[in-house]
Amino acid sequence: MVIEEAKPQFDRAMLESLQWTDARGFTVPSLSASLTEALSRINLKNRVVYTYYIELY
């Protein structure tokens with residue numbers, strides 16, 4: 001698959017599901033923040049995002 005155009009759009013419910021509350025009651029957004037940052041830094045335009053190899057005998 002090759003992406004022709006892409007913009008990172010994050011569903012609020014999805015990002016909230018990637019956070020948790022620690023034993024002290026603080027919200028830990030590490031995973032959702034990391035994914036948001038990573039996706040905002042890469043340019044997906046005209047990039048291969050999935051490759052599938054088939055071996056024939």
Side-chain angles (χ1 to χ4, degrees):
M1 290 186 233
V2 177
I3 302 296
E4 289 183 18
E5 185 176 346
K7 297 177 189 173
Q9 291 182 316
F10 305 101
D11 179 63
R12 185 172 190 76
M14 182 209 51
L15 288 177
E16 288 176 359
S17 70
L18 297 174
Q19 301 178 24
W20 62 91
T21 304
D22 69 6
R24 298 171 295 170
F26 292 103
T27 300
V28 181
S30 302
L31 183 55
S32 64
S34 294
L35 290 173
T36 302
E37 180 67 23
L39 289 173
S40 67
R41 287 180 178 220
I42 62 173
N43 178 10
L44 292 175
K45 187 174 184 177
N46 295 320
R47 300 238 349 232
V48 174
V49 294
Y50 184 75
T51 303
Y52 188 67
Y53 296 97
I54 300 173
E55 185 174 339
L56 302 174
Y57 294 95

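Computed from a predicted structure; not experimentally measured. Atom set for the values below is all heavy atoms of this structure, side chains included, hydrogens, waters and symmetry mates excluded.
In this structure, Asp11 has no side chain to side chain donor-acceptor pair (under 3.5 Å) partners at least two apart in sequence or on a different chain. Arg24 pairs by the side-chain contact (heavy atoms from CB on, under 4.5 Å) definition with Asp22, Phe26, not counting sequence neighbours. Listed by chain and number, the residues in a side-chain contact (heavy atoms from CB on, under 4.5 Å) with Glu16 are Arg12 (sequence neighbours excluded). Remark: Thr36 engages Phe10, Leu15 in a side-chain contact (heavy atoms from CB on, under 4.5 Å) (not counting sequence neighbours).
Other members of the hydrophobic cluster containing Leu18, listed by chain and number, are Trp20, Val28, Leu31, Leu35; membership follows side-chain contacts under 4.5 Å among ILVMFWY residues, whether direct or relayed.
Identified under the salt bridge (charged side-chain N to carboxylate O under 4.0 Å, His left out) test for residues 26-35, with sequence neighbours left out: none. Sorted by first and then second residue, the salt bridge (charged side-chain N to carboxylate O under 4.0 Å, His left out) pairs with a member in residues 27-38 read Glu37-Arg41; sequence neighbours excluded.
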